[in-house]
Chemist: 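Encoded as structure tokens, here's the structure I'll be asking about.
Letters A, B, ... are given to chains in the order of the sequence lines, protein chains preceding strands, and every chain is numbered from 1.
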Amino acid sequence: MEKEKPKNFIYEIIDEDIRTNKWGGRVHTRFPPEPNGYLHIGHAKSICLNYGIARDYNGKFNLRFDDTNPEKEETEYVESIIEDVKWLGADFEDRIFYASDYFEQMYKYAVELIKKGKAYVCDLSAEEIRKTRGTLTEPGIESPYRNRTVEENLDLFERMRKGEFPTGSKTLRAKIDMASPNLNLRDPVMYRILHAEHHRQGNKWCIYPTYDWAHGLEDSIEGITHSICTLEFENHRPLYDWFLDELGIYHPQQIEFARLNLSYTVMSKRRLLQLVKDGYVDGWDDPRMPTISGLRRHGFTPESLWNFAELVGVAKRDAMTDIALLEFAIRDDLNKRARRVMAVLDPIKVVITNYEGEEELEAINNPEDSSAGTRKIKFTKELFIERADFMEEPPKGFKRLIPGGEVRLRYAYIIKCDEVVKDGNGNIVELRCSYDPDTKSGSGKSNKKVKGTIHWVSAKYAFNAEVRLYDRLFTVEDPASKENWLDYINPQSLNIIENAYIEPSLKDSKPGDIFQFERQGYFCVDSKYSTPQKLVFNRTVTLKDGWAKKKGE
RNA sequence: UGCCCCGUGGUGUAAUGGGAACACGCUUGACUCUGGAUCAAGAAUUCAAGGUUCGAAUCCUUGCGGGGCAGCCA
């Protein structure tokens, strides 16, 4: 029952809470996104944390939309978020909630606070509130409306709700302490007037609660035990506690952890939105995006993301996780499940001069999984091999085909390069080779050894497909730290190969199918552009390449 | 500069007053019909100074460094 994995500080807090019976043994977490953008891998970390806790402690997990700002929120985002959370496998059962459904209750709570003399209607403009808030080192100035009577506040607040005042003309503020060293406690705004249509409430409301006021109430109403959020809300916790304590209602515990930062990408919704809106990428689900939908289209699996979240861990210090860890997580997963196939991306024709006819050879589908079985591949006189697998003047250590040299064709024969055919410009157009009939794969007739094995496809049977090679979106580790971050977009982040040659067994592949193109990487059939007539493959991640590394020295 | 949080190999995390460990990455080797996978080995770590203690990554003090906060965003 006990997990062997090391526990992060949040698990330790929960263990302690269970030991002291703080919540009657209950554990109830939630994931509270604002529907103003698509979810990204940082959210995935949070989802895995929150759902993982509920799962590990036999607790519950809610999905709740924190939709308190009608100006930024859209139904499209709600739908994408639900899809992404489900895809990740975080099971919220029937508990999908909306903060906007609690507006009436929140209003009542606000009236209570007014009656207690703990909240007041303020006529200061946004500009005036800012000016009277003070600074980091100086206290603020109390609003001239701070001491209105309870009756007047009640009347004004009701009329705010009725729509008697224009947008921005009044606010409801908590009466706390204008001199607090924590600026969040300097009479924070609880309600603002916004004559805007809400994606779910329509025009029912023209006053909307702010995050600080609403969030604790949402957690309280749902009976959340551990309200887990990111570090930037640490300074808000005293306010979270203040509202709940003044109201004397059920009071969950807020716990903060460090958000995920990934190297060579950006994570803020603002920047992600800009990449989409300004057309730097092909939508929120562009495979180069760190969004969950982008990762899905890119070929990442939920399992790999869960494993990644586990590897990253949970702590309170700001950190930059190396994207190599994500790549490890997906390789590790796909290595076990991806069917191995052969595809030639940048072809060079090979003619086997002493071979006639054709035959079927047996190939293993996945050496890591014998249950994946084998398949037959057709060998013919004319083939394509990868252009990079032949070199006229090879550097030291090159293990592939060279003039006069031998190499094994995967699952087939050992061939020897007899002649290099070039066009008028000196470009290699064809390799004329001879094969050794005694070296057929698995025949055991020859124990000849060669240094290398290369992949190939039959020129007669291979079909054409588009292959999209992706690389990291940015050229620098931390683009968000640059003022002109858009200048660091990697111009090589997408390389489209229009006519790659793919082995025939992939002809009927469906969107989402995953494969390993031997010696090259993991690929999946694109869910957006692929058609039965013209398949499109996305490269999820390359295979580790020791040779490329050696060459790079 | 006020308040809050945080400093452990290159990166991310663990060690909760008692031999600084795990993972990724990196290096080297073995094996290999994928220069993959696998296996083996290796380099590399407690921000600093004082203090408490038989003993400090851990507790205390100070300093230094990083992050957050002055939206009617979340």
Chemist: For B:G71, does the O4'-C1'-N9-C4 (purine) or O4'-C1'-N1-C2 (pyrimidine) torsion place it in syn, i.e. within 90° of 0, or in anti?
Modeler: syn
Chemist: Do A:Phe157 and A:Tyr120 have ring centres separated by under 6.0 Å?
Modeler: no
Chemist: What nucleic acid atoms does A:Gly168 come within less than 4.0 Å of, heavy atoms only: base, sugar-phosphate, or nothing?
Modeler: base
Chemist: Run the ring-centre check on A:Phe233 versus A:Tyr240 and record whether the distance is less than 6.0 Å.
Modeler: no
Chemist: Students often get this wrong, so: under 4.0 angstrom with heavy atoms, is A:Arg133 touching a base, only sugar-phosphate, or nothing?
Modeler: sugar-phosphate
Chemist: Counting distance alone, no hydrogens or angles: does the base of B:G71 have a donor or acceptor under 3.5 Å from a partner atom on the side chain of A:Arg130?
Modeler: no
Chemist: Measure CG/A:Asn335 against P/B:G35 and give the value in whole Å, please.
Modeler: 14 Å
Chemist: Expressed as a whole number of Å, how far does the C1' atom of B:G36 sit from that of B:C31?
Modeler: 13 Å
Chemist: Mind checking if A:His236 touches a base, just sugar-phosphate, or nothing, with heavy atoms under 4.0 Å?
Modeler: base
Chemist: Have a look at A:Phe233 and say if it touches a base, only the backbone sugar-phosphate, or nothing, with a 4.0 Å heavy-atom cut-off.
Modeler: base
Chemist: Measure from the side chain of A:Arg192, starting at C-beta and using heavy atoms only, and say which of B:C6, B:C72, B:C69 lies closest.
Modeler: B:C72
Chemist: Would a line drawn from the ring center of A:Tyr413 to the ring center of A:Tyr435 be shorter than 6.0 Å?
Modeler: yes
Chemist: Could you tell me if the ring centre of A:Phe523 sits under 6.0 Å from that of A:Phe515?
Modeler: no
Chemist: Under a 3.5 Å cut-off for both distances, is B:C3 Watson-Crick or wobble paired, and to whom?
Modeler: B:G68
Chemist: May I ask you to decide if the ring planes of A:Trp205 and A:Phe103 are parallel, tilted or perpendicular, using 30° and 60° as cut-offs?
Modeler: perpendicular
Chemist: In the structure shown, which nucleotide is the Watson-Crick or G-U wobble counterpart of B:G42, with both distances under 3.5 Å?
Modeler: B:C26
Chemist: Would you kindly give the CG-to-P distance between A:Leu273 and B:A74, to the nearest whole Å?
Modeler: 17 Å
Chemist: Would you please indicate yes or no on a ring centroid separation below 6.0 angstrom for A:Phe474 and A:Tyr264?
Modeler: no
Chemist: Taking CZ from A:Arg186 and P from B:C69, how many angstroms apart are they, rounded to a whole number?
Modeler: 15 Å
Chemist: Return whichever of A:Arg237 or A:Asp332 has its heavy-atom-nearest nucleotide of RNA chain B closer to the 5' end.
Modeler: A:Arg237
Chemist: Could you tell me if the ring centre of A:Tyr109 sits under 6.0 Å from that of A:Phe243?
Modeler: no
Chemist: For A:Asn182 and B:C4, give me the distance from atom CG to atom P, rounded to whole Å.
Modeler: 9 Å
Chemist: Expressed as a whole number of angstroms, how long is the span from A:Leu194:CG to B:C72:P?
Modeler: 12 Å
Chemist: Heavy atoms only, 4.0 Å cut-off, all strands: where does A:Gly442 land among base, sugar-phosphate and nothing?
Modeler: base
Chemist: Which whole-number value in Å describes the distance from A:Ile323 CD1 to B:G12 C1'?
Modeler: 14 Å
Chemist: Looking at A:Glu12 and B:U16, is any side-chain donor or acceptor paired with a base atom of the opposite kind under 3.5 Å?
Modeler: yes
Chemist: Looking only at atom C1', what distance separates B:U58 and B:U8, rounded to whole Å?
Modeler: 11 Å
Chemist: Answer yes or no for this row: A:Trp547 ring on B:G35 base, centroids under 5.5 Å, planes under 30°.
Modeler: yes
Chemist: Between B:C3 atom C1' and A:Leu136 atom CG, what is the distance in whole Å?
Modeler: 9 Å
Chemist: Looking for any heavy atom pair under 4.0 Å, which part of the strands does A:Glu518 touch: base, sugar-phosphate only, or nothing?
Modeler: base
Chemist: Rounding to the closest angstrom, what is the interatomic distance between B:A56 and B:G17 at atom C1'?
Modeler: 7 Å
Chemist: Rounded to whole Å, please give me the gap between CZ in A:Arg259 and C1' in B:U13.
Modeler: 19 Å
Chemist: Pick out the pairs of N or O atoms, protein on one side and nucleotides 62-67 of chain B on the other, that lie under 3.5 Å.
Modeler:
| unit_1 | atom_1 | unit_2 | atom_2 | d |
| --- | --- | --- | --- | --- |
| B:G67 | O2' | A:Asp318 | OD2 | 3.1 |

Chemist: Looking at the base of B:G36, is there any donor atom on it, or on the side chain of A:Glu368, that sits under 3.5 Å from an acceptor on the other one?
Modeler: yes
Chemist: Could you tell me how far B:A43 sits from B:C60 if I compare only their P atoms? Round to whole Å.
Modeler: 35 Å
Chemist: Aromatic rings A:Tyr501 and A:Phe384: how do their planes relate, parallel, tilted or perpendicular, breaks at 30° and 60°?
Modeler: parallel
Chemist: Using the C1' atoms only, state how far B:C64 lies from B:A70, rounded to an integer number of Å.
Modeler: 26 Å
Chemist: So, are A:Glu327 and A:Lys544 salt-bridged, with charged N and O less than 4.0 Å apart?
Modeler: no
Chemist: Find which nucleotide of RNA chain B each of A:Met320 and A:Pro367 is nearest to by heavy atoms, and output the residue with the more 5' nucleotide.
Modeler: A:Met320
Chemist: Taking any heavy-atom pair under 4.0 Å as a contact, classify A:Gln516: base, sugar-phosphate, or nothing.
Modeler: base
Chemist: Searching all strands shown, indicate the nucleotide that pairs with B:G18 (Watson-Crick or G-U wobble; both distances under 3.5 Å).
Modeler: B:C54
